[in-house]
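What you see is a predicted model, and the numbers here were worked out from it, not measured in a lab.
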Amino acid sequence: MKELITTDGARLAYQDTGGEGVPLVMLHGWGQTQAMFRHQVEGLAPGRRVVTVDLRGHGKSGKPRHGYRIARLSRDVLELVDHLGLARFDALGWSMGVSVWWSFVDQYGTGRIRRFVAVDQPAAVAAVPWTTEREQRDSGAIFDVSGLLYLGAALAGPEGDTILADFVRGMFTGEPDPEVLAFVAEEIRSTPAYAGVPLLFDHCAQDWRDVLPRIDVPTLVIGCEGSHVHPDSQRFVAERIPGARLHVFTSDVASSHFPFLENPPAFNAVVEKFLAEQRAMGA
């Protein structure tokens with residue numbers, strides 16, 4: 001594990017396989033860690049350089065008392081790719097990691113991104129009252145503003161650990177693999193409430209619908225039938241990104257928000273096929 005100190009003093013722990021080929025930078029979701037991609041670092045590394053990072057407040061990275069906003073996390077990613085000298089790279093985000101990439105695109109453009117993989121992230125998580133029911137449904141809103149406030153307060157309260165465990169369990173349909181559930185539950189405990197709660201609020205309050213049409217690089221959107229993120233929201237994202245492709249894992253392949261952990265071979269094959277096709281096309 002390597003480290004980078006950001007311009008505002010946060011310590012980021014990252015892994016860089018240093019392999020040949022086009023770099024692939026992968027960003028994890030809220031409360032989780034780069035260890036979520038343990039099967040991808042192994043499965044996708046041959047033929048390419050894979051970079052993963054624990055975002056600030058997560059995993060083995062520092063947990064300062066500042067900077068828990070999506071915009072700051074995207075700045076951290078910019079500083080990381082600058083530090084590594086990555087002039088062009090492929091970008092993969094999962095859950096909140098997709099939002100970090102959307103913020104990256106919003107602020108810094110797509111000039112350095114060759115291709116983009118967005119895994120299971122709604123265009124807007126919270127249903128704000130000034131949007132119509134149709135807009136809320138299309139954007140994939142998971143809860144309303146009052147629900148977001150309640151969740152944040154509960155996570156910060158004395159029963160926070162129980163609420164967090166229930167939150168994680170709700171991302172799986174049916175009976176999950178005990179090992180996968182235990183792994184996710186353990187990793188999410190690395191993020192303290194003082195970091196996780198404000199970041200969750202900022203993350204869920206964002207609306208990225210205006211960014212989607214400005215993503216002008218080859219894009220693959222991945223959803224999962226068994227996820228708490230409805231596949232229709234991923235269809236909406238794919239329809240708004242020019243030329244984007246969509247792949248939805250059926251529940252017999254993976255039935256959670258974590259297809260890359262539940263069925264690594266299936267997930268890796270979909271991602272590898274997309275990256276290989278684009279490489280063959282010279283993109």
Side-chain angles (χ1 to χ4, degrees), residues 1-2 12-55 58-61 77 80 89-98 100-101 115-121 168-169 171-191 220-229 231 234 245 247-279:
M1 198 70 66
K2 301 176 181 179
L12 300 182
Y14 70 93
Q15 182 177 354
D16 179 3
T17 64
E20 297 296 325
V22 180
L24 172 63
V25 184
M26 308 176 74
L27 303 182
H28 63 76
W30 178 84
Q32 292 299 334
T33 72
Q34 61 186 305
M36 292 290 107
F37 300 128
R38 55 185 179 172
H39 301 298
Q40 285 63 58
V41 170
E42 296 173 358
L44 296 176
R48 66 173 54 82
R49 178 181 180 183
V50 177
V51 176
T52 59
V53 60
D54 286 333
L55 299 169
H58 297 71
K60 294 180 171 62
S61 285
V77 173
L80 175 62
F89 55 87
D90 295 336
L92 183 149
W94 159 65
S95 196
M96 186 191 73
V98 180
V100 176
W101 282 124
R115 34 205 177 278
F116 178 43
V117 181
V119 184
D120 220 32
Q121 171 58 36
V168 170
R169 180 62 181 83
M171 298 179 185
F172 293 85
T173 297
E175 285 301 318
D177 181 317
E179 190 278 331
V180 172
L181 179 59
F183 174 68
V184 172
E186 178 63 29
E187 291 299 297
I188 205 169
R189 283 196 283 269
S190 70
T191 300
L220 172 65
V221 179
I222 297 177
C224 194
E225 280 185 355
S227 174
H228 69 300
V229 176
Q234 301 310 284
R245 303 185 189 184
H247 183 92
V248 176
F249 288 110
T250 54
S251 56
D252 61 319
V253 176
S255 58
S256 76
H257 191 43
F258 307 87
F260 44 86
L261 286 174
E262 270 197 289
N263 197 329
F267 182 87
N268 291 354
V270 169
V271 173
E272 179 61 42
K273 180 182 179 182
F274 172 71
L275 298 179
E277 286 178 354
Q278 297 302 322
R279 184 164 61 247

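Distance check: D54 CG to E187 CD gives 8.0 Å after rounding to the nearest 0.5 Å. Separating the CE atom in M171 from the CD atom in Q32 is a distance of 7.5 Å, to the nearest 0.5 Å.
Counting heavy atoms from C-beta on, the side chains of H247 and K273 never come closer than 4.5 Å. Between V50 and M26 the shortest side-chain heavy-atom distance falls below 4.5 Å. For the pair V270/L220, a side-chain contact is recorded, criterion being any heavy-atom separation below 4.5 Å from C-beta on. Residues V119 and F267 form a side-chain contact, since some pair of their non-hydrogen atoms from C-beta on lies under 4.5 Å apart. No side-chain heavy atom of Q40 sits less than 4.5 Å from a side-chain heavy atom of V271.
Shown here for T33 and G59, the closest heavy-atom pair between the two residues is CG2-CA, 3.5 Å. Across all their heavy atoms, L44 and N268 have their closest contact at CD2-O, 3.8 Å. Of all the heavy atoms in R169 and L181, the pair that sits closest is CD-CD2, 4.0 Å. V77 and W101 get closest at one heavy-atom pair: CG1-CH2, 3.7 Å. Summarising the geometry of P259 relative to F249, their closest heavy-atom pair is CB-CD1, 3.9 Å, with the distance given to 0.1 Å. Considering every non-hydrogen atom in both P231 and C224, the closest pair reads CG-O, 3.7 Å.
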Would L275 and R48 satisfy side chain to side chain contact (heavy atoms under 4.5 Å, CB included), going step by step from the backbone distance to the final call? CA-CA 10 Å; L275 298 179; R48 66 173 54 82; 3.6 Å; yes
For side chain to side chain contact (heavy atoms under 4.5 Å, CB included), just list the numbers for T173 and S251, CA-CA rounded to whole Å, side-chain angles, deciding distance to a tenth of an Å, and then say yes or no. CA-CA 9 Å; T173 297; S251 56; over 6 Å; no
Between V51 and L80, is a side chain to side chain contact (heavy atoms under 4.5 Å, CB included) present by the stated rule, with each step listed? CA-CA 10 Å; V51 176; L80 175 62; 4.2 Å; yes
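With hydrogens and angles disregarded, no donor-acceptor distance shorter than 3.5 Å links the side chain of S255 to the backbone of G226. Between the N263 side chain and the V253 main chain, a donor and an acceptor come within less than 3.5 Å of each other. Checked by atom type and distance alone, the side chain of D90 never pairs as donor or acceptor with a backbone atom of V22 at under 3.5 Å. Although no hydrogens or angles enter the test, the distance criterion places a donor-acceptor pair under 3.5 Å between the side chain of W94 and the main chain of H257. With hydrogens and angles disregarded, a donor-acceptor distance shorter than 3.5 Å links the side chain of S61 to the backbone of A13. A distance-only check finds a donor-acceptor pair linking the side chain of E262 to the backbone of S256 [under 3.5 Å].
Evaluation of the side chain to side chain donor-acceptor pair (under 3.5 Å) test over residues 16-30, restricted to residues two or more places apart or in two chains, returns D16-R49.
At a cut-off of 3.5 Å, with distance as the only test, no side-chain donor of D120 or Q234 sits close to an acceptor on the other residue.
Note: F37 and F260 have tilted aromatic rings, judged against thresholds of 30 and 60 degrees for the angle between ring planes.
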